[in-house]
2 protein chains.
Amino acid sequence: MIRLTKQADYGILLMTQFARAGMSGLLSTTDLSTRSRLSQPMVNKTLKQLQRAGLLVSHRGVNGGYRLARDAGAITLEEIIEAMDGPIALTECHEHTGGGDCGIKATCPTRVNWGVINSAIRDSLAGITLLQMIHPLLGSRRIKERVKTNPV
Amino acid sequence: MIRLTKQADYGILLMTQFARAGMSGLLSTTDLSTRSRLSQPMVNKTLKQLQRAGLLVSHRGVNGGYRLARDAGAITLEEIIEAMDGPIALTECHEHTGGGDCGIKATCPTRVNWGVINSAIRDSLAGITLLQMIHPLLGSRRIKERVKTNPV
DNA sequence: CGGAATCAGAACCAAAAGAGTTCTATTTTG
DNA sequence: CAAAATAGAACTCTTTTGGTTCTGATTCCG
């Protein structure tokens, strides 16, 4: 089953909370834990990962918390998912990071197609911003139209 | 990490072998095991799943084997992947089969977007046929162009 | 200055999923 | 009937995922 991990799901959920709070909204782990009904340790872990990926900035100490590192319109689903789950690539031989090598890379006849497929999927996710996620009707109408008129 | 399971990978690999053999090519488990360097039990398991999904037809008995149920141009990656891995849906609440229900389905603000994203990905995979997979340069040039001019 | 609140990072454990093998039918051919 | 092949299920081992816990560092505020 091709599916996002729960981690990535949580990441997106929490990021939309930040998006609603705006650039200046500083939210702590406990804030978000009550808002999202996720356990505090889970929220904590997730936020730390998003911070390490540069999507959130942190402020320690009393009254600390996290806030968006960039405007919600400049953060895409692709970034959030990659921050949580690692590179998006359906096949190992096409990871961005270039790790896998199946041995027949140079001559593999289907390799070229996989590259295209992977980037199609990445582009789909890179085309959705946090801002669009919190304005579903507006965002999706635009996307739906594009998809309908331009099937891959 | 968003990734195909090995099962799906094997499924695609074996299906391309059938595509090369043509509609009338009858291949047995042992044939494919030697061709693909996969273990015989693994090939066996994979082919059985593809048969159950209606992508291959089987012939039992001596000199038996499998062959394509349809023309290679009429079989898509989406079908193969769904046959092996189950429904393609990044989020549980959007499975084709309508299983998951998170409880806030009716009001979930990001639900609409996920539907769009999922179908964009499904469409990407439904747009690639087995025939295109065995003619990589031809197939991918066409797709690449579409993707470039029409980002989702 | 000291304690409380908050983030940082790593280690750890249990549950679930994935990968692969084995075993027992059933069907077909010669 | 024997051999060759698929059909289907069960089973084990490993890896991944989901989640918690523990220790340490930083900042604010009385």
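Keep in mind that this is a model prediction, so the values were computed, not measured. Residue numbers start from 1 in every chain, and the chains themselves are labelled A, B, ... in the order their sequence lines are given, proteins ahead of strands.
- One can place CG of A:Leu50 at 14 Å from C1' of C:dC7, the figure rounded to the nearest angstrom.
- Residues forming a side-chain contact (heavy atoms from CB on, under 4.5 Å) with A:Ser28 (at least two apart in sequence, or on another chain): A:Thr30, A:Asp31.
- Contacts of A:Ala126 classified as side-chain contact (heavy atoms from CB on, under 4.5 Å), with partners at least two apart in sequence or in another chain: A:Glu78.
- If you measure from atom CG of A:Leu27 to atom P of C:dC7, you get 10 Å, rounded to the nearest angstrom.
- Taking atom CD of residue A:Gln51 and atom C1' of nucleotide C:dT6, one finds them 13 Å apart after rounding to whole Å.
- Only one option out of B:Met15, B:Glu79, B:Gln7 pairs with B:Met84 in a side chain to side chain contact (heavy atoms under 4.5 Å, CB included); it is B:Gln7.
- The side chain of A:Thr5 contributes no N or O atom lying less than 4.0 Å from OP1 or OP2 of D:dT16.
- Among the nucleotides D:dG8, D:dT20, C:dC7, the one closest to any side-chain atom of B:Lys48 is D:dG8.
- Note: CD (A:Gln49) to C1' (C:dC7) measures 15 Å, nearest angstrom.
- For B:Arg3 and C:dG18, the CZ to P distance is 14 Å, given to the nearest whole Å.
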Polar atoms only, N or O, under 3.5 Å: list the protein pairs with nucleotides 10-13 of chain D and their distances.
none

Which atom pairs link the protein and nucleotides 28-30 of chain C when you take only N or O atoms and keep those under 3.5 Å?
none

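- Of the inter-residue distances, the one linking A:Ile128 atom CD1 with A:Thr76 atom OG1 reads 9.5 Å to the nearest 0.5 angstrom.
- Atom CD of residue B:Gln49 and atom OG1 of residue B:Thr46 lie 7.0 Å apart, to the nearest 0.5 angstrom.
- Distances shorter than 4.0 Å separate none of the side-chain N or O atoms of A:Thr30 from OP1 or OP2 on C:dA5.
- Remark: A:Ser58 is in phosphate contact with C:dA8, judged by side-chain N or O atoms under 4.0 Å from OP1 or OP2.
- Partners of A:Arg67 according to the salt bridge (charged side-chain N to carboxylate O under 4.0 Å, His left out) rule, which considers only residues two or more places apart in sequence or in another chain, do not exist here.
- Look at CG on A:Asn44: it is 16 Å from P on D:dT23, rounded to the nearest Å.
- The phosphate of C:dG18 has neither OP1 nor OP2 within less than 4.0 Å of any side-chain N or O from B:Gln7.
- Shown here are the side-chain contact (heavy atoms from CB on, under 4.5 Å) partners of A:Ala21, two or more places apart in sequence or in another chain: A:Leu27.
- Between the CE atom of B:Met42 and the P atom of C:dT22 there is a distance of 13 Å, rounded to whole Å.
- Dashed line: the shortest gap from a side-chain N or O of A:Ser28 to OP1 or OP2 of C:dC7 is not under 4.0 Å.
- Heavy-atom nearest nucleotides on DNA chain D were determined for B:Gln40 and for A:Leu4, and the one closer to the 5' end corresponds to B:Gln40.
- Ranking C:dC7, D:dA9, C:dT21 by closeness to the B:Arg52 side chain, first place goes to D:dA9.
- Applying the side chain to side chain donor-acceptor pair (under 3.5 Å) test to every pair with at least one member in residues 54-64 of chain B, sequence neighbours left out, gives no pairs at all.
- Here A:Arg52 pairs with nothing under the salt bridge (charged side-chain N to carboxylate O under 4.0 Å, His left out) rule; sequence neighbours left out.
- Rounded to whole Å, the distance from CG on B:Leu47 to C1' on D:dG8 is 14 Å.
- Under the rule for a side-chain contact (heavy atoms from CB on, under 4.5 Å), the partners of B:Ala69 that lie at least two apart in sequence or sit in another chain are B:Val57.
- Side-chain N/O atoms of A:Tyr10 include none lying less than 4.0 angstrom from OP1 or OP2 on D:dG18.
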